[in-house]
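Small disclaimer: the values here were computed from a predicted structure and weren't measured. Counting from 1, the numbers follow the sequence of the chain as shown.
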Amino acid sequence: MLVKEWDYAELAQKNKQYVWHPFTQMKEYIEDDPIIIAEGNGRKLRDVQGNEYWDGVSSIWLNVHGHRVQELDQAIRDQLDHIAHSTLLGMANIPAILLAEKLIGLMPQGLAKVFYSDSGATAVEIAIKMAFQYWQHKGKRKKQRFITMKEAYHGDTIGAVSVGAIDLYHEAYSSLLFSSIKAPYPYVYRSPINGSGKEQTDFFLAKLEEVLKAHHEETAALIIEPIVQGASGIIVMPDGYLRGVRELCTKYNVLMIADEVATGFGRTGHWFACDHENVTPDILTAGKGLTGGYLPVAITVATNEIYEAFLGEYEEKKTFFHGHSYTGNQLGCAVAIANLELMEKKNLILEVQQKSLYLAKELERFRQLRHVGDVRQKGFMMGLELVVNRDAKEAYDWSERIGVRVCRRARELGMLIRPLGNVIVFMPPLAATTEELDAMLQILHQAIQEVTEG
Ligand code: PMP
């Protein structure tokens with residue numbers, strides 16, 4: 001990689017002067033030396049000072065093949081020779097049409113119509129409004145509320161936060177939000193009952209059924225992160241739970257929204273997490289990996305049953321009144337098509353399944369670390385929950401910043417990762433080779449050991 005000579009001090013000063021970073025305490029941040037990325041290549045990033053790092057969180061859970069992938073770069077260049085963007089409001093464009101066709105071919109059976117937007121949060125926002133308006137059109141006007149899972153995360157816009165349930169992200173805005181009904185998520189490591197996976201599944205489904213029984217008449221939809229609840233700490237559901245959720249939603253006449261923003265496009269070892277249990281939700285949201293981590297395109301995909309409820313005469317005002325300036329952006333759709341084609345060409349889903357087995361084997365040695373309480377994995381989504389004491393599962397106090405410290409050490413050792421509280425998240429790009437994964441795991445192990453035992 002050739003890095004143009006940049007004056008680090010000058011850029012750092014401008015960064016401090018002009019940029020407000022997301023999810024970042026700026027007071028602390030501006031006192032530190034920032035990493036300023038200049039280049040990427042394959043699974044590595046390089047900063048302006050020439051340091052190289054493994055991209056251990058796939059640039060926040062979205063990178064698929066790596067950086068500067070020839071086929072994806074070329075797809076954007078080719079599209080640029082035609083047009084970068086024109087609106088999808090009332091007119092169409094070539095990549096948006098072809099991508100929608102391709103997506104429906106990959107989706108769980110029954111999902112039929114693609115609505116484009118530009119981030120996971122907007123995809124969720126759209127799903128909420130679609131589900132809400134669907135019931136209005138169906139004449140069930142009381143169905144206006146949403147059931148969500150405790151500790152769920154669906155993005156940062158007001159609607160998405162309203163169906164989220166992580167107190168830390170919600171507290172400040174609580175008076176702005178609409179209230180959702182919360183059901184307990186099957187967090188088996190800290191479950192109130194002992195018992196096997198099947199017993200856990202049955203227990204948590206029974207809890208969910210209580211909620212549905214009490215609230216189904218006022219509920220438009222249930223929203224869930226299928227198979228893996230991500231931002232709460234990479235928490236994997238027990239087998240059979242998702243299928244049970246689908247059955248309960250059907251039984252109580254509540255729409256099911258599967259938020260696959262984090263889990264979609266191979267991340268868990270299938271195209272979609274719903275595929276693990278042959279579930280078709282009524283609405284599916286996705287984003288992140290769709291463009292291989294290149295450009296912001298997200299989707300909300302609905303069944304024909306939902307789509308058709310919005311059809312009517314112009315005067316009836318049944319239109320879905322929603323859209324964004326960059327909805328259906330050609331550059332984004334073009335690179336998404338190239339990404340999906342490359343995934344198919346490389347048989348990446350099968351590869352992820354095989355490498356996941358390898359990762360599972362390698363993760364075993366993390367269980368020997370004194371302060372690793374739980375090791376969770378589904379495909380290329382991994383979370384290691386750190387605890388003060390393994391027997392009591394005692395959590396580290398927030399003020400100890402244990403996750404932050406481990407990630408800081410990993411950075412010194414050459415890998416960029418971000419924690420979720422006391423959970424160390426490891427989400428390498430799906431195309432990382434076993435040799436690359438070994439190098440990353442080595443850093444992860446050393447960082448955890450040194451910080452928690454050192
Ligand atoms: N839903 C889920 C399940 C997510 O994990 C995320 C982001 N991590 C979002 C929605 C929000 O996506 P975005 O950051 O693209 O708005």
Side-chain angles (χ1 to χ4, degrees), residues 88-90 96 99-100 103-104 107-149 152-164 177-181 215-226 245-246 249-250 252-261 263-264 272 274 279-287 290 297-314 316-328:
L88 211 66
L89 270 60
L99 176 59
L103 285 167
I104 294 305
M107 287 280 152
Q109 197 73 33
L111 289 166
K113 294 286 189 291
V114 178
F115 195 101
Y116 288 109
S117 63
D118 42 42
S119 73
T122 53
V124 168
E125 217 56 51
I126 289 161
I128 291 170
K129 287 173 72 177
M130 254 179 202
F132 180 93
Q133 203 175 340
Y134 168 80
W135 290 114
Q136 301 299 304
H137 292 332
K138 285 291 201 186
K140 297 225 158 131
R141 295 184 171 270
K142 278 197 330 204
K143 285 171 107 41
Q144 299 196 2
R145 299 192 68 194
F146 291 83
I147 295 174
T148 187
M149 296 285 134
Y153 177 79
H154 297 290
D156 297 326
T157 52
I158 294 296
V161 177
S162 296
V163 294
L177 310 174
F178 61 80
S179 78
S180 297
I181 303 154
H215 296 287
H216 67 97
E217 283 179 359
E218 52 179 312
T219 300
L222 173 148
I223 181 164
I224 190 163
E225 294 160 82
V245 170
R246 173 68 272 185
C249 285
T250 305
Y252 287 94
N253 204 21
V254 158
L255 297 177
M256 178 181 180
I257 303 171
D259 179 0
E260 296 245 17
V261 169
T263 52
F272 296 95
C274 285
V279 160
T280 299
D282 300 287
I283 300 176
L284 184 149
T285 57
L290 168 56
V297 179
I299 49 170
T300 306
V301 189
T303 59
N304 273 326
E305 164 64 22
I306 302 222
Y307 170 79
E308 280 161 14
F310 287 75
L311 302 179
E313 299 308 319
Y314 183 77
E316 289 181 85
K317 298 183 182 155
K318 282 185 163 181
T319 304
F320 186 48
F321 293 107
H322 193 108
H324 300 278
S325 306
Y326 283 97
T327 293

Can you list the residues that meet the ring pair (Phe, Tyr, Trp, His ring centres under 6.0 Å) rule with [X], with sequence neighbours excluded?
X: His215; value: none
X: Phe320; value: Phe115, Phe310, His322
X: Phe132; value: none
X: Tyr116; value: none

Among all residues two or more places apart in sequence or in another chain, which pass the side chain to side chain donor-acceptor pair (under 3.5 Å) test with Ser119?
Thr122
By side chain to side chain contact (heavy atoms under 4.5 Å, CB included) - contacts of [X] (at least two apart):
X: Ala152; value: Thr148, Met149, His154, Glu225, Gln229
X: Ala220; value: Trp135, Phe146
X: Val301; value: Ile104, Met107, Leu111, Val114, Ile299
X: Leu89; value: Thr87

Considering only heavy atoms from C-beta outward, does the side chain of Phe178 approach that of Val163 to under 4.5 Å?
yes
Is it the case that the side chains of Asp259 and Thr285 hold a donor-acceptor pair, with the cut-off being a distance below 3.5 Å and no angle test?
yes
If every non-hydrogen atom of Ile283 is compared with every non-hydrogen atom of Thr300, which pair is closest and at what distance?
CG2-CG2, 3.5 Å
Test of understanding: with salt bridge (charged side-chain N to carboxylate O under 4.0 Å, His left out), list the residues that count as partners of Glu218, not counting sequence neighbours.
Arg145
Inter- and intrachain pairs under salt bridge (Lys or Arg N to Asp or Glu O under 4.0 Å), touching residues 113-136, at least two apart
none
Pairs involving residues 297-308, ordered by first then second residue, that meet salt bridge (Lys or Arg N to Asp or Glu O under 4.0 Å) (sequence neighbours left out)
Lys138-Glu305
